[in-house]
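All of these numbers come straight from a predicted model, not from anything done at the bench. Just so we're on the same page: letters track the sequence lines, and every chain starts at 1.
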There are 2 protein chains.
Amino acid sequence: MLREKGFKVTPQRLAICRFVLSSKEHPSVEKIYDKIQKVYPTISLATIYQTLHLLTKIGLLQEFALCNGSLRYDSNISPHLNLICKNCGKIIDYESEKINMFLSEIAKELELSLVGQHLELYVYCNQCK
Amino acid sequence: MLREKGFKVTPQRLAICRFVLSSKEHPSVEKIYDKIQKVYPTISLATIYQTLHLLTKIGLLQEFALCNGSLRYDSNISPHLNLICKNCGKIIDYESEKINMFLSEIAKELELSLVGQHLELYVYCNQCK
DNA sequence: GTTTAAATAATAATCATTATAAATTAGTTA
DNA sequence: TAACTAATTTATAATGATTATTATTTAAAC
Ligand SMILES: [Mn+2]
Ligand SMILES: [Mn+2]
Ligand SMILES: [Zn+2]
Ligand SMILES: [Zn+2]
C-alpha cells in the first residue's frame, strides 16, 4: 500500500505497521513508541508521529482523541462503536449490521454524504461494573 | 446550580456560563477566552480552563475532542450526533428519537449501562459539498 | 555501483494545559 | 455594616505533547 502510493518501505515503517495495524487496543503514541523501541531501539519519536499521520492519511488507520484530548490510533477503520470504560479506560470495539443501517438511514435523512465517523460510548466494563 | 453544589457564583463564572451554555458552535477554549475577554478584559486563561472543567464536572457542559485532538465544549448534553464538516470544520447537532432508540437497543444487547456518549459524523456541509 | 529524493534521528521550538502562589472576593457570621 | 475565611482569581512558571529543523542516512531507480 505504501509503495503503491509512492512512499518508501522502510524497516521503521514496517515495524510500526506490524504493531499498530494488528493492535486492537487503540494504543496511544506513547504505547506505540514503547512497543516499537523494543524491536527497533534507535527509532525516533518524530518517526513514530510522522508514520502514524501517514498511515492515517492513506486510510490504513484511524486517529481519534478521547474526551480528555489524548490521541489514540484505531486499526479498525470500518464503522463501529468504541466502548470506553469510564473506570479503567479499556476500549473495545462493537461491530454490528445495526450500526451500518443506522448510519445509512441518517445519511439518507440528512441528504449528506457521510465520509467518516467516530462513535464513543462510555460504559463500565464487565470487570469494573 | 453552582450555588446548589456549594460553588461560589462569581462574575467570571457567570460570564463564561452566559456565553458557553447558550453557544451552539462547539467552541474551543481559545474561542471562549476571546469572547469572554471582550466583556471581562482582565480574565485569566487559567480561570477559563478551571471553570470549563467545573461546568463539565457538574454536568452542565460536555467536553470532547476532535480527531486531531482539539478540545471543544458542547452545551448540548443530551444524546445527539455532531455533524462535522471535513472542509470548513463547522459542527452542527442532529437530534432524533432514532438516536435514543438506537442507543438503548445497543445497551440492552450489550448488557452494559451506558453512562455517556460522543458521536461524531464527518460530512461535507451544505455550503461545502 | 551511483545517484538522488525521501526518510530518519536528534534536537530545538512551539503550543496547549496545568501547577503554583500571592492577591482578591463571595458568602457567612457577629 | 464590618470582619472573617475559605474559595477563587490572577499572573506566571512549569510541564507535556506535538511539530519543525537540519544534518545524516537510505530505499529505490538507473
Ligand atoms: Mn475501535
Ligand atoms: Mn453537539
Ligand atoms: Zn473497566
Ligand atoms: Zn463546510
Side-chain angles (χ1 to χ4, degrees), chain A residues 1-21 26-58 60-74 89, chain B residues 1-21 26-58 60-74 89:
Chain A
M1 182 78 117
L2 285 167
R3 214 174 264 126
E4 254 176 41
K5 303 243 176 180
F7 299 103
K8 290 183 177 174
V9 176
T10 67
Q12 293 92 332
R13 283 175 175 169
L14 277 178
I16 294 167
C17 284
R18 259 195 282 271
F19 171 60
V20 85
L21 296 184
H26 307 78
S28 65
V29 176
E30 201 190 339
K31 268 270 166 58
I32 296 166
Y33 182 48
D34 290 351
K35 198 83 180 185
I36 303 299
Q37 266 201 323
K38 283 177 188 148
V39 303
Y40 213 103
T42 65
I43 201 160
S44 160
L45 193 51
T47 302
I48 302 282
Y49 275 103
Q50 284 165 10
T51 303
L52 292 172
H53 289 154
L54 178 64
L55 295 177
T56 301
K57 202 177 67 180
I58 66 178
L60 288 172
L61 202 54
Q62 200 193 356
E63 185 179 60
F64 71 95
L66 300 181
C67 284
N68 57 43
S70 90
L71 268 192
R72 298 304 190 87
Y73 286 90
D74 195 341
Chain B
M1 181 77 117
L2 284 167
R3 214 174 264 125
E4 254 176 42
K5 304 244 176 181
F7 298 104
K8 291 184 175 172
V9 175
T10 66
Q12 292 92 333
R13 283 175 175 170
L14 277 178
I16 293 166
C17 284
R18 260 196 281 270
F19 172 60
V20 83
L21 296 184
H26 308 78
S28 65
V29 176
E30 202 191 338
K31 268 269 165 59
I32 295 166
Y33 182 48
D34 290 351
K35 198 84 181 184
I36 303 299
Q37 267 201 324
K38 282 177 188 149
V39 302
Y40 214 104
T42 65
I43 201 160
S44 160
L45 193 51
T47 302
I48 302 282
Y49 275 102
Q50 285 165 10
T51 303
L52 291 172
H53 290 153
L54 178 65
L55 296 176
T56 300
K57 201 177 67 180
I58 66 179
L60 288 172
L61 203 54
Q62 200 192 356
E63 185 178 61
F64 70 95
L66 300 181
C67 284
N68 58 42
S70 89
L71 269 193
R72 298 303 190 87
Y73 286 90
D74 195 341

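The closest donor-acceptor contact from the side chain of B:Arg72 to the backbone of B:Leu66 lies at 3.5 Å or more, if one exists at all.
Residues of residues 60-69 of chain B that place a heavy atom closer than 4.0 Å to DNA chain C do not occur. Less than 4.0 Å separates DNA chain D from no heavy atom of any residue of residues 13-20 of chain A. Remark: nothing in residues 31-39 of chain A comes within less than 4.0 Å of DNA chain C through any heavy atom.
Residues passing the side chain to side chain donor-acceptor pair (under 3.5 Å) test with B:Gln50: none are found, sequence neighbours excluded. For A:Tyr49, there are no side chain to side chain donor-acceptor pair (under 3.5 Å) partners at least two apart in sequence or on another chain. Judged as a side chain to side chain donor-acceptor pair (under 3.5 Å), and not counting sequence neighbours, the contacts of B:Glu63 are B:His53, B:Tyr73. Taking the side chain to side chain donor-acceptor pair (under 3.5 Å) definition, one finds that B:Glu30 meets it with nothing, sequence neighbours left out. Under the side chain to side chain contact (heavy atoms under 4.5 Å, CB included) criterion, A:Val9 pairs with A:Leu2, A:Arg3, A:Leu14, sequence neighbours left out.
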Check: protein-nucleotides 24-28 of chain D nitrogen or oxygen pairs below 3.5 Å:
residue: D:dA27; atom: O3'; partner: A:Val9; partner atom: O; Å: 3.4
residue: D:dA27; atom: N3; partner: A:Lys8; partner atom: NZ; Å: 3.1
residue: D:dA28; atom: OP1; partner: A:Val9; partner atom: N; Å: 3.0

Any N/O pairs under 3.5 Å between the protein and nucleotides 13-17 of chain D? List them or say none.
none

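At a threshold of 4.5 Å between non-hydrogen side-chain atoms, the residues B:Leu21 and B:Phe19 do not count as touching.
Atom pair B:Leu45:CG and D:dT10:P shows a separation of 11 Å (rounding to whole Å applied).
On the nucleic acid side, DNA chain C contacts chain B at distances under 4.0 Å to non-hydrogen atoms, with the end points of that region at C:dA16 to C:dG27.
Within 4.0 Å (heavy atoms only), A:Ser70 reaches no atom of the nucleic acid at all.
Axis deviation across the helix from C:dG1-D:dC30 to C:dA30-D:dT1 amounts to 30°, comparing end segments of five pairs, rounded to 10 degrees.
If you take OG on A:Ser70 and CZ on A:Phe64, they are separated by 8.0 Å, rounding to the nearest 0.5 Å.
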Worksheet item: What's the verdict on side chain to side chain contact (heavy atoms under 4.5 Å, CB included) for A:Ile16 and A:Ile43, showing C-alpha distance, side-chain angles and the deciding distance?
Response: CA-CA 10 Å; A:Ile16 294 167; A:Ile43 201 160; 4.1 Å; yes
